[in-house]
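Right, one structure below, let's go through it.
Basis for what follows: all heavy atoms, side chains included, without hydrogens, waters or symmetry-related copies. Every chain is numbered from 1, with letters handed out A, B, ... down the list of sequences.
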Amino acid sequence: MNEEQLHLMRHSLAHITAAAVQRLWPEAKFGVGPVVDNGFYYDIDLGETKISETNFAKIEKSMRGIIEYGDAFEKIEMPIDEAIKWAQENNQPYKEELLNDLKRAGTTIAKDLDMSEIGVATDGQSAIETVTFYKNGRFMDLCRGPHLASTKEAGVFKLMRVAGAYWRGKETNPQMQRLYAVAFATQVELDEYLERLEQAKLRDHRKLGKELDLYTLSPLVGAGLPLFTPRGTMLREAVGQYSNQLRQAYGFQKVWTPHITKKDLYETSGHWEKFGEELFLVTSQETSDSFVLKPMNCPHHGQIFSSRARSYKDMPVRYLETTTVYRDEKTGELGGLNRVRAITQDDSHVFCTTDQIQSEINNLLACASELYATFEMPLRVRLSYRDDGPAYLGDKALWGSAQAQLKSAVIANNMNYFEQEGEAAFYGPKIDFMATDAIGREHQVATVQLDFVQPGRFGLEYVDNEGNTKTPVMIHCALLGSIERFLSVFIEHTGGWFPFWAAPEQIRILTINDTVSDYVSEITTILDGIVLDKPISYNEIRYTVDDRNESLGKKIREATNWKLPVQLIVGQKDKDAREISVRTQAGEEKIKLTDLADYIQKI
RNA sequence: GCCGCUGUAGCUCAGAUGGUAGAGCGGCGCUUUCGUAAAGCGUAGGUCUCCGGUUCAAUUCCGGACAGCGGCUCCA
């Protein structure tokens with residue numbers, strides 16, 4: 001079955017799902033039922049009644065009945081006004097809204113519609129004459145089609161879950177229930193898909209985070225506030241230090257700013273107005289000032305920039321700071337390390353002239369590419385442009401040229417990109433780097449954002465070569481993004497098998513009995529003296545010695561379960577031969593004690 | 001925040017139409033010094049997430065809170 005047929009089949013199954021739901025709950029009001037990756041969903045409103053997973057067996061049974069019966073999919077063409085009347089008479093208000101949009105604008109696609117009149121009826125000219133419906137059995141649905149000839153041709157499916165979903169994606173609209181299903185041509189393919197899902201769960205960072213003892217969550221501390229164990233701290237510091245050292249090599253200087261600030265700072269920046277509800281407030285018993293926990297660092301870095309007179313000769317000024325910011329995210333959005341309320345950003349800000357924008361963007365893209373190449377993580381780049389909504393600030397022409405510069409930089413760097421309208425920050429267009437987690441969900445990691453608003457708001461300035469006062473452009477950039485989120489993706493990407501340089505415990509020496517302790521000391525002396533150069537220079541090999549009175553098999557099993565990059569096995573035979581048995585994921589080999597330092601250096 | 005699901009020992013899980021609960025691993029103790037993914041025996045761990053309600057009796061039923069999961073919305 002090709003992609004097109006599969007799509008057709010999944011779409012028809014969405015109708016069959018709706019037909020089954022209508023059979024079981026005749027009062028059901030239907031939204032939309034599109035095809036998605038691996039399956040489809042249908043949005044349904046049953047009023048007070050709620051579908052839960054306990055109803056799935058009954059719905060699936062009804063669907064199988066419909067498939068077995070083999071209703072034909074019948075195409076019906078209907079004048080638009082007659083269709084609207086049908087929706088009213090059959091108590092299908094959501095379909096009525098869609099039909100209103102079709103009549104008024106000829107489309108139901110939200111981004112092509114004027115939001116102020118979405119779903120609103122019109123008496124005027126129709127944009128279109130007729131609409132098509134598809135009917136299978138007693139169920140009839142507004143639909144462009146095409147469909148299978150008969151329900152009998154539907155493949156295998158499985159209802160997966162039910163979730164809330166706002167009608168047309170608007171929070172102020174009623175919430176419907178979204179019934180998700182997967183569907184394939186054959187049972188074998190469905191089983192394979194479910195098996196892949198099971199495999200992916202083994203790489204879930206929340207599962208590995210517990211198994212590998214990386215972080216923990218405590219209800220006493222609060223949701224979205226992860227606590228990092230010694231191993232997890234080692235990991236986050238390794239990647240954080242790499243990010244810092246890399247950016248220093250690309251011309252950035254470290255700065256430091258406090259974690260609380262007067263709220264005035266964000267009123268000036270514009271963040272208070274836009275994100276006020278998500279700021280944690282801090283009360284002072286000493287002064288009447290209102291403080292907040294900082295949700296980001298750009299205004300602080302701007303204050304450092306403006307602390308001295310700046311000449312064009314100083315530009316660009318590049319600051320970096322890895323620090324934790326706090327955002328009161330909605331509780332329902334929190335999850336694992338991916339979305340937290342204490343967010344450690346490897347944040348940086350460039351202050352430059354408009355002439356320097358292009359080269360600074362290139363500098364940052366090169367830096368990000370180098371970093372993700374080290375992690376061997378493929379990324380997709382998202383170019384986010386402006387929406388014309390009132391929430392966005394700044395000069396429109398400047399936005400336009402900046403967007404063009406971002407795009408040409410991305411193309412020049414040969415990056416895999418896609419464009420998205422309306423995702424820009426309120427102060428400027430941006431480039432986001434998207435990484436994929438274990439089950440295929442994309443998450444933003446690195447970001448490069450142009451800002452034409454904040455420098456002006458804070459009165460930042462420099463003097464150009466003619467003695468004129470100018471406003472600099474600001475470029476925000478985080479490479480890892482949020483270290484917490486980065487780790488969530490990194491853990492799933494590696495399955496917990498971290499590269500040697502980032503592994504919390506890099507080497508474990510496993511002894512066979514207690515006759516080799518002097519030989520173990522010889523080995524540790526070598527390890528202690530090694531200086532590594534990849535990907536950053538450091539001189540601390542993180543090793544432990546497992547000399548417990550346990551079987552070698554058990555020691556190997558445990559070290560493997562901890563996903564240690566290197567196991568060094570030593571017994572009397574190795575000691576006599578001045579050798580070490582080295583066990584890695586690739587297999588096992590014997591090396592000379594004198595070759596150990598070299599061997600480690602080359603990992 | 002909203003919709004649905006979930007919460008039993010440190011971990012993974014079992015269990016009873018309402019009569020206060022078990023296994024494996026891990027921990028601890030003893031024995032064992034053993035060469036490639038779990039040595040043997042013994043032993044201690046639980047307000048069955050928390051707070052209310054119903055009941056002679058609640059871990060089990062009902063309500064609420066907290067937390068986790070899947071989505072929606074949001075994401076500076």
Side-chain angles (χ1 to χ4, degrees), chain A residues 41 43-46 50-56 160-180 201 204 206-207 210-211 213 216-224 266 269-279 294-299 325 327-336 338-339 343 345 347 384 391 423-428 430 432 439 441 443-444 447 449 451 453-454 476 478 481-482 485 510-516 547-561 567 569-574 581 583 587-588:
Chain A
Y41 67 77
D43 283 349
I44 296 156
D45 180 359
L46 296 182
K50 298 294 175 202
I51 294 176
S52 85
E53 286 175 24
T54 53
N55 303 124
F56 282 7
M160 295 297 281
R161 53 184 167 265
V162 58
Y166 299 105
W167 169 238
R168 305 199 105 172
K170 269 187 77 177
E171 209 174 354
T172 48
N173 278 344
Q175 192 167 44
M176 310 184 72
Q177 285 197 289
R178 180 166 295 177
L179 223 43
Y180 278 96
K201 279 187 195 157
D204 190 307
R206 292 162 301 199
K207 183 177 161 65
K210 190 174 270 183
E211 284 175 9
D213 192 20
T216 186
L217 289 164
S218 157
L220 280 177
V221 175
Y266 295 113
S269 71
H271 291 98
W272 178 261
E273 193 190 352
K274 191 152 167 43
F275 299 106
E277 286 178 3
E278 286 163 54
L279 298 194
K294 67 175 173 183
M296 59 329 224
N297 311 298
C298 33
V325 297
R327 299 177 184 175
D328 196 2
E329 305 280 1
K330 294 176 187 169
T331 51
E333 290 161 349
L334 303 171
N338 189 49
R339 196 72 178 266
I343 307 157
Q345 296 180 324
D347 209 0
S384 298
E423 285 287 319
F426 69 87
Y427 44 65
K430 61 174 182 169
D432 293 322
I439 60 171
R441 294 176 295 200
H443 304 283
Q444 179 196 315
T447 182
Q449 310 180 352
D451 186 344
V453 174
Q454 288 194 62
H476 310 243
S482 142
R485 175 179 295 177
L510 316 182
T511 61
I512 286 165
N513 58 34
D514 55 15
T515 66
V516 293
D547 55 3
R548 292 174 302 164
N549 178 12
E550 296 285 356
S551 69
L552 179 61
K554 180 164 184 167
K555 292 180 183 182
I556 290 175
R557 180 184 162 79
E558 288 185 8
T560 308
N561 286 342
Q567 300 171 26
I569 298 168
V570 287
Q572 190 62 45
K573 291 180 207 160
D574 301 288
S581 305
R583 213 182 138 100
E588 190 171 318

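For B/rG45, the base adopts the syn conformation, since its glycosidic angle falls within 90 degrees of zero.
For A/L334 and B/rG71, the CG to C1' distance is 14 Å, given to the nearest whole Å. Atom CG in A/N513 sits about 13 Å away from atom P in B/rU36, given to the nearest Å. For the pair A/E171 CD and B/rC74 P, the computed distance is 7 Å after rounding to whole Å. Atoms CD (A/E53) and P (B/rG4) sit 12 Å apart, rounded to a whole Å. Taking atom CG on A/L179 and atom P on B/rC72, their separation rounds to 14 Å, with Å as the unit. For the pair A/K170 NZ and B/rG1 C1', the computed distance is 17 Å after rounding to whole Å. Atom-to-atom, CD of A/E211 to P of B/rC25 comes out at 18 Å; the value is rounded to the nearest Å. Taking atom CD on A/E329 and atom P on B/rA67, their separation rounds to 15 Å, with Å as the unit.
Note: A/H476 and A/Y427 have parallel aromatic rings, judged against thresholds of 30 and 60 degrees for the angle between ring planes.
Comment: A/R327 does not engage A/E278 in a salt bridge, judged by the lack of any side-chain N to carboxylate O separation of less than 4.0 angstrom. Using a 4.0 Å cut-off between charged nitrogen and carboxylate oxygen, A/R485 and A/E329 do not count as a salt-bridge pair. The residues A/E53 and A/R161 are annotated as not salt-bridged, no charged nitrogen and carboxylate oxygen being separated by less than 4.0 angstrom. Under the 4.0 Å criterion applied to side-chain N and carboxylate O atoms, A/E211 and A/R206 are not assigned as salt-bridge partners. Salt bridge annotation for A/E333-A/R339: present, with a cationic side-chain nitrogen under 4.0 angstrom from a carboxylate oxygen.
The separation of B/rC72 from B/rC62, taken at their P atoms, amounts to 29 Å, rounded to a whole angstrom. Straight-line distance between the C1' atoms of B/rG18 and B/rC28: roughly 37 Å, to the nearest whole Å. A gap of 37 Å separates the C1' atoms of B/rU6 and B/rG42, to the nearest Å. Comparing the C1' positions of B/rA9 and B/rU47 gives a spacing of 13 Å, expressed to the nearest Å. Look at the P atom in both B/rG71 and B/rG35: the space between them is 49 Å, to the nearest Å. Across the P atoms, B/rG64 and B/rG1 are found 15 Å apart, a figure rounded to whole Å. Across B/rC56 and B/rU43, the matching C1' atoms stand 38 Å from one another, rounded to whole Å. Taking the P atoms as reference points, B/rC25 lies 10 Å from B/rC41, given to the whole Å.
For the pair A/K210 and B/rU12, the criterion of a side-chain N or O lying under 4.0 Å from OP1 or OP2 is met. For A/R557 and B/rC25, the shortest distance from a side-chain N or O to OP1 or OP2 is not below 4.0 Å. Taking side-chain N and O atoms only, A/K330 has no distance below 4.0 Å to OP1 or OP2 of B/rC75.
Contact annotation for A/Q572: base contact, defined as any heavy-atom pair under 4.0 Å involving a base atom. Residue contacts for A/K554: at a heavy-atom cut-off of 4.0 Å it reaches the sugar-phosphate backbone alone, with no base atom in range. Base contact: A/T331 has a heavy atom under 4.0 Å from a base atom. Within 4.0 Å (heavy atoms only), A/Q567 reaches no atom of the nucleic acid at all. A/E333 comes within contact range of at least one nucleobase, with a heavy-atom separation under 4.0 Å. Among the protein residues, A/G332 comes within range of the nucleic acid bases, having at least one heavy atom under 4.0 Å from a base atom. Base contact: A/E588 has a heavy atom under 4.0 Å from a base atom. Across all strands, A/T560 comes closer than 4.0 Å to base atoms (heavy-atom distances). Among the atoms of the strands shown, none is found under 4.0 Å from any heavy atom of A/K294. Nucleic acid contact class of A/Q449 (heavy atoms, under 4.0 Å, all strands): sugar-phosphate only. Residue-level contact check: A/T515 touches neither bases nor backbone, having no heavy atom under 4.0 Å from any strand. A/K555 comes within contact range of no nucleotide atom at all, as no heavy-atom separation falls under 4.0 Å. At a threshold of 4.0 angstrom between heavy atoms, the contacts of A/K573 include nucleobase atoms, whether or not backbone atoms are also involved. Using a 4.0 Å heavy-atom distance criterion, A/Y180 is classed as a sugar-phosphate-only contact.
For A/S581 and A/A165, each mapped to the nucleotide of RNA chain B holding its nearest heavy atom, the one lying further toward the 5' end belongs to A/S581. For the pair A/F275 and A/R441, both in contact range of RNA chain B, the more 5′-proximal nearest nucleotide belongs to A/R441.
For the atom pair CG (A/D45) and CD (A/Q177), the distance works out to 8.5 Å, reported to the nearest 0.5 Å. The OG1 atom of A/T172 lies 13.0 Å from the CH2 atom of A/W167; values are rounded to the nearest 0.5 Å. Note: A/Q567 CD to A/K555 NZ = 11.5 Å, rounded to the nearest 0.5 Å.
Within a 6.0 Å radius of CD in A/E273, no more than 12 heavy atoms belonging to other residues, nucleotides or ligands are found.
Side-chain proximity of A/Q177 to the nucleotides B/rC69, B/rA76, B/rG4 is greatest for B/rG4. Of the candidate nucleotides B/rU36, B/rA76, B/rA39, B/rA76 has the atom lying nearest to any side-chain atom of A/H271. Distance from the side chain of A/R161 is smallest to B/rG70 among B/rC5, B/rC3, B/rG70. When distances are taken from the side chain of A/L552 to each of B/rU36, B/rG70, B/rC3, the shortest belongs to B/rU36. Distances were taken from every side-chain heavy atom of A/S52 (C-beta onward) to each of B/rG4, B/rG70, B/rU33; the shortest belongs to B/rG4. Taking only side-chain atoms of A/R327, from C-beta outward, the nucleotide of B/rC72, B/rG35, B/rA76 with the closest atom is B/rA76. Among the nucleotides B/rG35, B/rA76, B/rU12, the one closest to any side-chain atom of A/M296 is B/rA76.
Pairs of Watson-Crick or G-U wobble type, with distances under 3.5 Å, assemble into runs of 3 or more in RNA chain B at these ranges: B:1-7 with B:66-72, B:10-13 with B:22-25, B:27-31 with B:39-43, B:49-53 with B:61-65.
Taking only distance into account, the side chain of A/R339 meets the base of B/rC75 through a donor-acceptor pair shorter than 3.5 Å. Within 3.5 Å, a donor on the side chain of A/D574 pairs with an acceptor on the base of B/rG35, or the reverse. The base of B/rU36 sits with one of its N or O atoms less than 3.5 Å from a complementary donor or acceptor on the side chain of A/R583. Residue A/Y166 places a side-chain atom within donor-acceptor reach of the base of B/rG1, judged by atom type and a 3.5 Å distance cut-off alone. Residue A/S551 places no side-chain atom within donor-acceptor reach of the base of B/rG35, judged by atom type and a 3.5 Å distance cut-off alone.
Judged by distance alone, with hydrogens and angles left aside, the side-chain atoms of A/N338 form no donor-acceptor pair with the main-chain N or O of A/G335 at under 3.5 Å.
Listed by chain and residue number, A/D43 satisfy the salt bridge (charged side-chain N to carboxylate O under 4.0 Å, His left out) test with A/R178 (two or more places apart in sequence, or in another chain).
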